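Structure first, commentary second.
Keep in mind the model is a prediction, meaning the values are calculated, not measured.
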Amino acid sequence: LMTAIKGRISFGWLSNETISSHAHSMEIVMIEVSQIAGKLCTILPFYGENSVLLQPASRLVQCAGDIFVESTKMIVSKPLITEHELEHTLLYKGISSFSNVITESLGVDSSNTVKVTTCSAPAEKWLSDASSYDFIGLLLTDSCWKFPSSKNRIDMLSSVAKRSPWTLAREPFNLASFCHVCAVQCRSQNDVDSRILGLKLIESFILGRKSFLANRISNSMVFSVVPETLCPILLAALEDHVAAIRSCAVSSFGSFLKHDWVDLFLSDADSVKGQHSIYWEPLECILSLCAANEEEKANVRSSSCKAVGDICTACIGDTFREKEDDTHEDVSFSDDFVLAFTCKICEVMINALTDENASVRSMALHAIGNTALALKERCHERSAPQFPSMKHLFPSVCACLGDKDEKVVANAIRSISHIAYFVYCPEYFSEIENSTLAALHVYRSLLSDLSEIIKFALEDAAGEIPRELTWKQRNGAKKHAWGSCTTLGMLLSFSNLLPYIDDSLAESALSSLFRCIQLSNVINEKIVAAAIKALEKLPITLWHHLSCKCDSIGRGLATCFGFLQERKSKTPHNHDVESLANLLLISAKRTDFCSLFLIRESVPFSVEYFYQWLVTHDIEAGVLEEIADAVSSQKVEQILDVSVVQMFLSRTIQQNRRQGSPCKVKIASVPLDGNDEEGDEL
């Protein structure tokens with residue numbers, strides 16, 4: 001059918017037909033055939049035994065491209081008509097219908113929005129061979145188009161740039177032609193819609209290059225074309241009087257790679273050493289768009305703050321260090337640069353946190369969080385200086401937990417988990433600083449506030465306290481809860497702060513995390529995963545500190561074994577829960593095991609399962625002796641069957657015999673069965 005349609009177009013049979021009753025059936029055929037072709041190219045499997053489907057499917061995409069090319073050529077050959085008249089021809093319908101086959105195969109919908117993670121196999125195969133050359137050449141040649149700035153052309157070129165940037169970079173002429181199209185499309189004398197399309201085209205290429213750089217492009221021209229050719233266009237657009245154009249331009253900067261910023265900031269990466277040689281103008285221009293006193297449009301301020309966050313990741317972080325082109329040496333910015341860079345970012349973002357628009361506040365927190373995360377990763381890899389700007393930001397970020405907007409709160413929770421490192425980590429926390437008392441007060445408040453956020457979500461999910469929340473509010477509460485779990489874990493990992501806080505505060509925070517695991521069957525899986533990860537990563541020094549002081553270890557053990565008993569079949573979380581259980585067992589003492597058995601009513605678990613797990617995992621004698629000591633205590637003996645007590649005591653003796661250690665349990669107190677010399681069995 002597609003070949004037949006292509007033939008009709010090539011012979012000119014559709015060139016004079018407009019959409020009328022006699023041509024309506026042809027329009028329906030083109031629409032339905034293109035829809036089927038698009039689905040076949042995206043939903044069929046093309047690997048393994050199904051690889052035989054790849055060749056015919058790629059021919060479908062090729063045929064769609066040929067129809068696109070032939071229709072465009074026929075339109076150019078027609079007498080001069082307006083763009084409005086063109087939209088009512090069958091040729092235009094052919095372009096529109098079959099362009100959807102190509103965009104769908106590329107993983108982009110009609111609004112040029114990415115839907116899937118990668119280009120489909122048929123589209124990739126077609127674009128990688130010579131059969132797509134005419135199609136790409138048509139897109140890049142102005143003279144092939146009746147209306148060179150037509151939305152059809154630019155949208156299709158944007159789709160290719162976003163999903164298959166290597167297609168535009170495989171020939172120098174192609175890349176030069178693409179840059180020419182971008183420059184022409186973005187000319188200031190063009191109408192606003194055309195300029196926006198041009199900026200979207202640039203953004204698509206930059207996004208596509210970032211996504212596919214690791215596997216597709218090994219051409220140094222791809223690095224140089226952005227700072228040398230496309231960046232001047234974007235910088236000019238940042239000063240445009242139209243807000244939509246400023247917003248489009250600033251978004252592209254967020255997808256720049258580290259090498260782009262090296263070329264922009266440093267005139268010569270090998271010789272430039274001092275801060276005075278750094279060209280700050282591009283960054284300062286973007287930062288100015290984040291400030292309400294310089295940019296009146298909130299959507300531009302929001303886009304700019306988001307771009308700043310992504311720029312921080314690119315410049316400070318090492319996200320693409322292993323992935324970039326082998327011909328480029330890795331260039332890491334100096335500590336002096338990072339300090340100056342961070343100060344500039346923080347100075348603007350702290351003001352953006354008080355912006356009247358919630359989206360701006362949210363994106364400012366995104367920028368702050370990205371900056372802190374990148375700095376933290378940098379500090380883990382090398383010795384790094386103090387970052388006072390991070391400490392100064394911290395109270396303002398924490399204050400955003402009380403914001404009325406859900407997205408602001410969510411980003412505040414995330415940012416706190418990263419900035420806290422520069423406030424409370426032993427390398428940065430000082431007992432002699434004047435701000436120490438204030439920092440500790442904030443720390444205590446955070447433990448309490450985050451625990452309450454988790455409690456709120458759990459009570460709602462479990463139906464313990466009826467709340468009339470909308471779907472949006474309930475979804476926001478879930479996001480806040482799993483973010484709070486992660487941040488609580490980060491805060492509790494600072495063991496150096498334990499002497500400065502009440503143990504009850506840490507106990508309450510841990511209880512909220514344990515509660516997430518206890519309610520794993522009724523709450524969102526992401527909350528469960530975040531709580532388990534947070535607990536499993538806590539240092540053993542925390543558990544040693546809390547041992548015998550509260551019931552946290554006992555509660556944690558009951559939680560772990562209740563969870564493992566319920567989920568006897570392996571789940572993604574079983575390994576982490578077992579690791580946590582091992583950590584708690586090693587840290588536990590007699591008092592902690594007493595708590596374990598005494599809280600069974602509030603945190604139910606099977607004592608028999610607990611015992612079997614200890615035997616299966618061959619737990620060392622020292623732990624068993626603490627358990628034996630606990631089950632022999634008067635309070636615990638009263639609530640356990642004699643047979644259960646005997647199990648633990650006899651197992652302890654048996655394990656001591658195996659390991660050749662003296663047993664601390666009094667043999668006389670063990671009511672052994674005379675016929676069971678080897679002790680208990682599973």
Listing request: all side-chain hydrogen bond (donor to acceptor under 3.5 Å, both in side chains) pairs with a residue in residues 409-423, at least two apart in sequence or in separate chains. S362-N411, N370-R414, K376-H418

If every non-hydrogen atom of [X] is compared with every non-hydrogen atom of [Y], which pair is closest and at what distance?
X	Y	answer
R474	L469	NH1-O, 3.5 Å
V397	A412	O-CB, 3.9 Å
L542	L492	CD2-O, 4.1 Å
W280	A340	CZ2-CB, 3.9 Å

When you measure from the side chain of [X] to the backbone of [Y], do you find a donor-acceptor pair of N or O atoms at a distance under 3.5 Å?
X	Y	value
D403	C400	no
E406	A477	no
T342	V338	yes
R163	L106	yes
R209	P165	no

Short side-chain donor-acceptor distance under 3.5 Å, H573 and E525: yes

Any side-chain donor paired with an acceptor under 3.5 Å for S194 and D191? yes

With sequence neighbours excluded, tell me which residues meet side chain to side chain contact (heavy atoms under 4.5 Å, CB included) with S302.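 S359, V360, M363.
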
Could you list the donor-acceptor pairs under 3.5 angstrom formed between side-chain atoms of residues 235-249 and any protein atom two or more places apart in sequence or on another chain?
residue, atom, partner, partner atom, Å
D240, OD1, R195, NH2, 2.9
D240, OD1, V242, N, 2.8
D240, OD2, R195, NH2, 2.4
R246, NE, E295, OE1, 2.9
R246, NH1, D240, O, 2.8
R246, NH1, H241, O, 3.3
R246, NH2, E295, OE1, 3.3
R246, NH2, E295, OE2, 2.9
S247, OG, S303, OG, 3.0

Is the distance between the ring centroids of Y428 and F422 under 6.0 Å?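 Y428 vs F422: aromatic centres under 6.0 Å.
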
Gap between atom [atom2] of [Y] and atom [atom1] of [X] - 0.5 Å precision:
X	Y	atom1	atom2	value
C290	I345	SG	CD1	8.0 Å
F256	D263	CZ	CG	10.5 Å
I154	L201	CD1	CG	6.0 Å
D260	L230	CG	CG	9.5 Å

Which class fits the ring pair W261 and F253: parallel under 30°, tilted 30 to 60°, perpendicular over 60°? tilted

[Y] side chain reached by [X] side chain, heavy atoms, under 4.5 Å:
X	Y	answer
D310	S255	no
D335	R378	yes
V409	D405	no
K533	T486	no

Sequence neighbours left out, what pairs pass salt bridge (charged side-chain N to carboxylate O under 4.0 Å, His left out) with at least one residue falling in residues 492-510? none

Among all residues two or more places apart in sequence or in another chain, which pass the ring pair (Phe, Tyr, Trp, His ring centres under 6.0 Å) test with Y443?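 For Y443, the residues satisfying ring pair (Phe, Tyr, Trp, His ring centres under 6.0 Å) (neighbours in sequence not counted) are Y424.
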
By ring pair (Phe, Tyr, Trp, His ring centres under 6.0 Å), which residues pair with F341, not counting sequence neighbours?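 With sequence neighbours excluded, F341 shows a ring pair (Phe, Tyr, Trp, His ring centres under 6.0 Å) to F337, given in chain and number order.
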
